There are 2 protein chains.
Amino acid sequence: MLPEPFDLLNDSARKCMTLAKGDHVFHQGDQTRGLFFVASGAICLTRLTEAGALVTLHNAVAGSMFAEASLYSDHYHCDAIAVAPSKVIRLSKSAILLRQREDAFFSEGITRLLASQVQDYRQLLTLHAVKTANERVFQAVASGRLRGSVTQLASQIGLTKEACYRALKELTDQGLLSKTGRGEYVLRQP
Amino acid sequence: MLPEPFDLLNDSARKCMTLAKGDHVFHQGDQTRGLFFVASGAICLTRLTEAGALVTLHNAVAGSMFAEASLYSDHYHCDAIAVAPSKVIRLSKSAILLRQREDAFFSEGITRLLASQVQDYRQLLTLHAVKTANERVFQAVASGRLRGSVTQLASQIGLTKEACYRALKELTDQGLLSKTGRGEYVLRQP
DNA sequence: AATCAAATATGATTGAAATCATATGTTACC
DNA sequence: GGTAACATATGATTTCAATCATATTTGATT
């Protein structure tokens with residue numbers, strides 16, 4: 001359930017929390033107690049800047065983590081609020097830092113996880129820079145991003161679901177994509 | 001010049017390379033020799049997918065790094081090509097992996113760097129999801145992204161420079177931003 | 001001082017995707 | 001078996017940012 005290498009941590013390092021919509025996971029300024037995995041629901045991270053503006057930093061959805069950087073600071077620098085009924089797992093900061101010092105394999109696992117997240121986010125940003133909907137959807141499919149629903153793809157790549165459906169249709173008409181029996185889209189082999 | 005913790009590496013672990021536009025830093029499939037820092041110019045990372053489509057993974061600009069994840073694989077999984085005359089510094093994979101094993105402070109520095117990159121990319125993606133140009137520019141300024149030129153800001157947040165200039169003007173007219181004597185934009189204090 | 005490149009700044013026009021609307025198909029659950 | 005929720009699908013209309021055009025200002029280079 002937890003992504004590597006956090007699956008290696010024993011149960012005492014994990015604290016499950018059930019949240020109603022609107023509940024805080026933590027507040028800006030709270031002492032850091034660990035990082036989090038979203039088991040279900042969604043968590044929104046917002047920060048009140050010095051100038052008084054509310055800035056959204058991240059919307060963490062089921063299956064993803066948040067507050068990794070809290071490992072290296074004493075206080076959370078944003079609010080984490082459930083935007084839907086959610087379950088999150090807190091991974092103890094002290095347990096992680098201890099394990100990281102004692103277990104090189106675990107430590108490398110964290111670095112590896114973060115490096116692959118960086119890669120993925122960069123690719124997503126690059127994808128967002130593609131101007132036309134057709135080309136964007138094509139690149140997204142080509143890089144294997146269409147696994148869940150079209151709606152999920154749409155929100156990932158910064159288009160509406162309608163625009164995605166239309167692009168998929170046009171790309172199929174142009175022969176760049178083809179649809180399998182099970183309704184999946186794949187690249188057309190030249 | 002190099003970001004922490006790579007500034008700690010001694011000279012023998014750094015290899016400077018000067019590239020003409022179009023030169024390859026490495027090819028997909030090459031043995032990994034390290035990760036890279038872009039001193040000047042710009043490097044584009046592209047991958048040829050199994051299905052034969054060319055996907056851009058990242059555009060690395062001056063001051064940023066690329067191929068961090070190559071630390072954990074034997075072969076580069078993309079091409080890195082200079083899109084302008086560039087200087088890059090290669091940081092030796094073996095030196096990094098060795099140092100990482102022997103120096104906990106160095107190892108933590110890498111994790112810290114990657115964690116803050118993850119944070120930053122996430123925030124940028126969140127920013128890209130903001131629908132209107134005015135709100136997007138406001139959030140960008142509120143989170144301190146307007147340091148360089150407006151043109152740089154524009155490409156970061158996925159707008160044209162014209163749209164940015166217009167948004168800055170409208171936000172100023174609305175009293176949400178104000179312009180300092182030196183032409184800098186700051187949040188209007190309420 | 002002259003020249004060139006880039007940043008700043010706006011106006012006019014266009015176009016592509018968002019929005020709104022609607023219909024059917026598919027699961028899942030009481 | 002009914003209905004509620006969501007995914008798929010596509011047409012009509014609107015809107016906002018992209019594009020194109022142009023001018024001034026600033027900064028660097030010779």
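Below, chains carry the letters A, B, ... as their sequence lines are ordered, and counting in each starts from 1. The model shown is predicted, which means the values in this text are computed figures rather than measured ones.
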Q.
The side chain of B/T132 is closest to which nucleotide in this list: D/dA17, D/dT10, C/dA17?
A. D/dA17
Q. Taking NZ, NE, NH1 and NH2 as the nitrogens, is one of them in A/R145 or A/D120 under 4.0 Å from a carboxylate oxygen of the other?
A. yes
Q: Round to a whole Å and report the spacing from CD1 of A/I157 to P of C/dA16.
A: 17 Å
Q. Is there a path of hydrophobic side-chain contacts, each under 4.5 Å between heavy atoms of I, L, V, M, F, W or Y residues, that connects A/L124 with A/L113?
A. yes
Q | Gap between atoms NZ and P, on A/K161 and D/dA9 respectively (whole Å) | A | 13 Å
**Q.** Polar side-chain atom of B/S92 near backbone of B/G34 as donor-acceptor pair, under 3.5 Å
**A.** no
Q: Answer yes when A/E184 and A/R147 have at least one side-chain N-carboxylate O distance shorter than 4.0 Å, and no when they do not.
A: no
Q. Quick one: B/E162 CD to C/dT14 P, roughly how many Å, whole number?
A. 17 Å
**Q.** Donor + acceptor pair across side chains of B/K93, B/T32 (<3.5 Å)
**A.** yes
Q. Hey, is the side chain of B/R166 pairing donor to acceptor with the base of C/dT8 inside 3.5 Å?
A. no
Q.
Please report the distance, rounded to the nearest Å, between CD in A/Q152 and P in D/dA7.
A. 7 Å
Q | A/K131 NZ to C/dA18 C1', straight-line distance once rounded to whole Å | A | 19 Å
Q) Does C/dT8 have OP1 or OP2 sitting under 4.0 Å from an N or O in the side chain of B/K179? A) no
Q) Between B/E170 (CD) and D/dC16 (P), how many Å, whole number? A) 10 Å
Q. Hey, do the aromatic rings of B/F36 and B/F26 have their centres closer than 6.0 Å?
A. yes
**Q.** Angle by which the axis turns from one end of the helix from C/dA1-D/dT30 to C/dC30-D/dG1 to the other, five pairs per end, to 10 degrees
**A.** 50°
Q. How many Å lie between CG on B/D173 and P on C/dA9, as a whole number?
A. 12 Å
Q: Check whether any side-chain nitrogen or oxygen of B/T160 sits under 4.0 Å from OP1 or OP2 of D/dA18, and answer yes or no.
A: yes
Q) Please give, in whole Å, the distance from D/dA7 P to A/L168 CG? A) 15 Å
Q) OP1 or OP2 of C/dT8 sitting under 4.0 Å from any side-chain N/O of B/Y165? A) yes
Q: Quickly, which of A/L168, A/L176, A/V186, A/L171 forms a side-chain contact (heavy atoms from CB on, under 4.5 Å) with A/V141? Name it, please.
A: A/L168
